[in-house]
Trainee: 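This is the structure, below, for whatever I ask next.
So you know, we letter chains A, B, ... as the sequences are listed, proteins then strands, and number each from 1.
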Amino acid sequence: MLTSTFRHVKGVGPSRERQLWLAGIRTWDDLLASAASGDPGFLPGIRGLSRKLQQRLAEEIAADRQALRRGDLEFLSTRLARREHWRFYSHFKERAVFLDIETTGTDPGSSRVTVVGVHHPDQDPMVFIDGYNLDDFPGYLEGDRLLVTFNGSSFDLPMLTRHFGALRLPKALIDLRWVAFRAGFKGSLKQIERRVGISRNHDVQGMDGSDAVMLWRNWVVNNDERALELLVGYNISDTMNLRPLLHILLDRIHQREFPWLEHRPFSEDDLVKEAFWVDPRELINRARR
DNA sequence: AGTCTCTAATGGAAGAAGGA
DNA sequence: TCCTTCTTCCATTAGAGACT
């Protein structure tokens with residue numbers, strides 16, 4: 001899906017991209033193979049594609065192709081608009097970090113970050129808890145990561161930036177709210193989870209963000225350990241459900257927009273819908289160490 | 001309840017192709 | 001070379017809605 005897009009090149013919009021596809025130029029490699037002929041007008045018959053633009057198209061796509069080969073996600077992030085960053089996922093799965101935060105409210109002026117949940121598919125999920133290890137969180141994001149959130153561009157990331165001051169966030173960001181929108185789903189994370197059939201552990205079923213605020217208060221004021229456990233369980237459910245949701249959404253977009261790409265991007269294993277669950281007590285113990 | 005980013009719609013300017 | 005048409009870009013505006 002990443003190597004099938006050309007719209008990030010200035011001068012190529014929806015119409016010219018479609019014409020490229022129809023002319024058999026469906027991937028970056030197709031384009032580079034045509035350009036390799038050396039003919040400056042290697043793409044005849046496409047309206048609005050001057051020789052000058054063809055030349056630039058070949059140059060820019062060649063640079064993108066090289067960046068992809070050497071795994072330069074940061075470079076590619078600057079090339080594609082943020083709403084297109086979901087295209088990175090199938091190439092950079094192993095660098096994906098799923099993230100969700102809890103706070104004391106939604107007003108960034110007065111709210112504080114209380115819990116940050118992260119899930120890197122190759123590692124155990126982790127939580128960073130205010131009062132224990134929250135200050136260690138920025139270190140977790142080191143490296144050229146692909147960050148995945150739900151509504152993170154409006155909420156989680158501005159909140160984290162405010163909390164940590166100079167936080168170096170990954171340039172590559174997938175916001176599932178807008179991926180869902182593209183896949184035909186509007187609504188909150190929980191609503192969309194329900195509609196696509198992703199389940200939740202019964203302990204945290206029916207909870208929402210305002211519960212998270214109350215649980216944190218209960219923990220801080222009354223030292224209620226069970227409240228903290230529930231809060232962490234809720235947070236990690238949100239965090240870990242992002243991965244199957246992303247897979248389902250991308251599969252849907254794939255079917256909608258790229259039916260001519262023969263292979264589907266995800267196997268049946270990637271599309272499982274049952275709830276992931278980690279014992280929150282384990283996560284809390286790790287945060288306390 | 002505030003913040004943020006997105007979509008969608010709009011209009012003017014510019015680049016390019018193609019016909020006359 | 002001129003004119004028309006198509007496509008894209010860019011800036012602006014408005015409005016929606018999801019996060020805790």
Side-chain angles (χ1 to χ4, degrees), chain A residues 5-23 40-41 43-57 60 80-86 98-117 127 129-130 134 147-163 169 171 173-195 204 206-220 227 230-232 234-239 241-242 245 249:
Chain A
T5 189
F6 299 96
R7 276 200 232 177
H8 56 296
V9 177
K10 193 187 272 190
V12 180
S15 167
R16 286 174 192 151
E17 183 181 70
R18 201 163 45 242
Q19 286 185 72
L20 282 168
W21 291 347
L22 286 171
L43 294 170
I46 294 177
R47 197 177 175 85
L49 223 56
S50 64
R51 290 181 164 217
K52 205 170 109 193
L53 181 52
Q54 289 180 48
Q55 195 64 38
R56 209 180 63 240
L57 186 57
E60 292 191 19
L80 269 69
R82 226 190 218 179
R83 64 178 166 279
E84 304 290 336
H85 281 199
W86 54 271
F98 298 85
L99 176 144
D100 182 56
I101 71 171
E102 311 305 326
T103 67
T104 56
T106 52
D107 176 4
S110 60
S111 301
R112 289 186 51 80
V113 176
T114 57
V115 175
V116 180
V127 289
I129 304 173
D130 188 25
L134 186 57
L147 202 52
V148 184
T149 66
F150 191 95
N151 201 38
S153 33
S154 290
F155 184 77
D156 302 62
L157 303 189
M159 205 66 121
L160 285 170
T161 308
R162 211 173 297 245
H163 187 274
L169 287 167
K171 301 274 185 298
L173 171 67
I174 298 177
D175 189 331
L176 288 195
R177 178 183 172 186
W178 303 107
V179 179
F181 189 86
R182 187 152 181 168
F185 296 104
K186 272 193 245 188
S188 69
L189 174 62
K190 279 88 177 166
Q191 285 170 341
I192 296 171
E193 275 180 9
R194 272 198 296 275
R195 281 181 60 194
V204 294
M207 282 181 58
D208 65 17
S210 59
D211 296 320
V213 175
M214 292 195 323
L215 288 169
W216 179 258
R217 195 175 311 142
N218 221 340
W219 159 242
V220 173
L230 265 180
L231 174 61
V232 166
Y234 167 73
N235 170 263
I236 212 67
S237 288
D238 269 8
T239 307
N241 276 359
L242 295 177
L245 179 60
L249 295 176

Trainee: CD1/A:I129 to CG/A:L134 distance, rounded to the nearest 0.5 angstrom?
Mentor: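 Spacing of CD1 (A:I129) from CG (A:L134) equals 9.0 Å.
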
Trainee: Rounding to a whole Å, what distance do you find between A:L176:CG and B:dT5:C1'?
Mentor: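 Those two atoms, CG and C1', are 15 Å apart.
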
Trainee: Using a heavy-atom cut-off of 4.0 Å across all strands, would you classify A:N235 as base, sugar-phosphate, or nothing?
Mentor: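 A:N235: no heavy atom of the nucleic acid under 4.0 Å.
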
Trainee: Just to be sure I understand the rule, does A:I101 reach a base, reach only the sugar-phosphate, or reach nothing, if contact means heavy atoms closer than 4.0 Å?
Mentor: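 Result for A:I101 = sugar-phosphate.
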
Trainee: For A:G152, which contact category applies under a 4.0 Å heavy-atom criterion: base, sugar-phosphate, or nothing?
Mentor: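 Answer is nothing: A:G152 stays at 4.0 Å or more from every strand.
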
Trainee: Give the stems involving DNA chain B, where a stem is 3 or more consecutive Watson-Crick or G-U wobble pairs (i with j, i+1 with j-1, and so on) under 3.5 Å.
Mentor: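 For DNA chain B the paired stretches long enough to count as stems (3 pairs minimum) are B:2-20 with C:1-19.
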
Trainee: Measure from CG on A:L157 to C1' on B:dC6 and round the result to the nearest Å.
Mentor: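 Interatomic distance, CG of A:L157 to C1' of B:dC6: 14 Å.
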
Trainee: Starting from C1' on B:dT5, measure out to CG on A:L169 and report it in whole angstrom.
Mentor: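 My rounded result for the distance is 15 Å.
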
Trainee: Find the distance A:L160:CG to B:dC4:P and express it as a whole number of Å.
Mentor: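 For the pair A:L160 CG and B:dC4 P, the rounded distance is 14 Å.
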
Trainee: Looking only at heavy atoms, which two atoms of A:E102 and A:A212 are closest? And how far apart?
Mentor: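 So the minimum-distance heavy-atom pair works out to OE1-CB, 3.5 Å.
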
Trainee: To the nearest 0.5 Å, what is the distance between CD (A:Q55) and CD (A:E60)?
Mentor: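 If we round to the nearest 0.5 Å, A:Q55:CD and A:E60:CD are 11.5 Å apart.
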
Trainee: Figure out the CZ/P separation between A:F150 and B:dT5, and round it to whole Å.
Mentor: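 Going from A:F150 (CZ) to B:dT5 (P), I get 16 Å.
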
Trainee: Send over the distance from A:R177 CZ to B:dT3 C1', rounded to a whole Å.
Mentor: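 Rounding to the nearest Å, CZ of A:R177 and C1' of B:dT3 are 12 Å apart.
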
Trainee: Where along residues 210-220 of chain A does a heavy atom come under 4.0 Å from DNA chain B, residue by residue in number order?
Mentor: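 Contacts with DNA chain B under 4.0 Å: none.
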
Trainee: Should the pair A:R182-A:E84 be classified as a salt bridge under the 4.0 Å nitrogen-to-oxygen rule?
Mentor: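 Yes, this pair counts.
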
Trainee: Has A:R162 got a side-chain N or O lying under 4.0 Å from the OP1 or OP2 atom of B:dG2?
Mentor: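 False: A:R162 side-chain N/O out of range (4.0 Å or more) of B:dG2 OP1/OP2.
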
Trainee: Taking all non-hydrogen atoms of both residues, which atom of A:A227 and which atom of A:N218 are closest, and how far apart?
Mentor: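 Closest approach of A:A227 to A:N218, heavy atoms only: CB-CB, 3.8 Å.
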
Trainee: Considering non-hydrogen atoms only, spot the tightest contact between A:V204 and A:S237 and give its length.
Mentor: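 Heavy-atom minimum between the residues: CG2-OG, 3.5 Å.
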
Trainee: Using a 4.0 Å heavy-atom cut-off, does A:S50 contact any base of the nucleic acid, only the sugar-phosphate backbone, or nothing at all?
Mentor: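 Counting heavy atoms under 4.0 Å across all strands, the contact made by A:S50 is with sugar-phosphate only.
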
Trainee: Nucleotide range of DNA chain C contacted by chain A, 5' to 3', under 4.0 Å to a heavy atom?
Mentor: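 So the outermost contacting nucleotides come out as C:dT5 to C:dT20.
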
Trainee: Which is more 5' along DNA chain C, the nucleotide nearest A:W178 or the one nearest A:D100? Just name the residue.
Mentor: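 So the residue in question is A:W178.
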
Trainee: Is any side-chain heavy atom of A:L22 closer than 4.5 Å to one of A:L20?
Mentor: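 SC-SC contact between A:L20 and A:L22 ruled out.
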
Trainee: For A:D208, is there an ion pair with A:K190 - N to carboxylate O distance below 4.0 angstrom?
Mentor: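 No, A:K190 and A:D208 are not salt-bridged.
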
Trainee: Can you tell me the distance, in whole Å, between the NZ atom of A:K52 and the C1' atom of B:dA16?
Mentor: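 Nearest whole value for this atom pair: 10 Å.
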
Trainee: Ignoring hydrogens and geometry, is there a side-chain-to-backbone donor-acceptor pair from A:E17 to A:V12 under 3.5 Å?
Mentor: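 Answer holds: no.
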
Trainee: Regarding A:G105, tell me which of base, sugar-phosphate or nothing describes its non-hydrogen contacts under 4.0 Å with the strands shown.
Mentor: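 Counting heavy atoms under 4.0 Å across all strands, the contact made by A:G105 includes a base.
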
Trainee: For the CG atom of A:L49 and the CG atom of A:L57, what is their distance to the nearest 0.5 Å?
Mentor: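 Between atom CG of A:L49 and atom CG of A:L57 there are 6.0 Å.
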
Trainee: About how many Å separate CG of A:L147 and CG of A:L157, when rounded to the nearest 0.5 Å?
Mentor: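 The distance works out to 5.5 Å.
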
Trainee: Any base atoms under 4.0 Å from A:R182, or only sugar-phosphate, or nothing? Heavy atoms, all strands.
Mentor: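 Since no nucleic acid heavy atom lies under 4.0 Å of A:R182, the category is nothing.
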
Trainee: Could you say whether A:F181 or A:Q54 is positioned toward the 5' end of DNA chain B, judged by the nucleotide with the nearest heavy atom to each?
Mentor: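 Nearer the 5' end of the strand: A:F181.
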
Trainee: Between CH2 of A:W216 and CG of A:N235, what distance do you get to the nearest 0.5 Å?
Mentor: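 Atom-to-atom, A:W216:CH2 and A:N235:CG are 11.0 Å apart.
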
Trainee: 5'-most contact on DNA chain B: A:F155 or A:D175, nearest heavy atom basis?
Mentor: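 Closer to the 5' end of DNA chain B: A:F155.
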
Trainee: Between B:dA8 atom P and A:K186 atom NZ, what is the distance in whole Å?
Mentor: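 In whole Å, B:dA8 P lies 8 Å from A:K186 NZ.
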
Trainee: Can you name the one residue among A:D238, A:N241, A:N151 that meets side chain to side chain contact (heavy atoms under 4.5 Å, CB included) with A:L189?
Mentor: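 One option only clears the test, and that one is A:D238.
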
Trainee: Mind checking if A:L53 touches a base, just sugar-phosphate, or nothing, with heavy atoms under 4.0 Å?
Mentor: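 A:L53: no heavy atom of the nucleic acid under 4.0 Å.
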
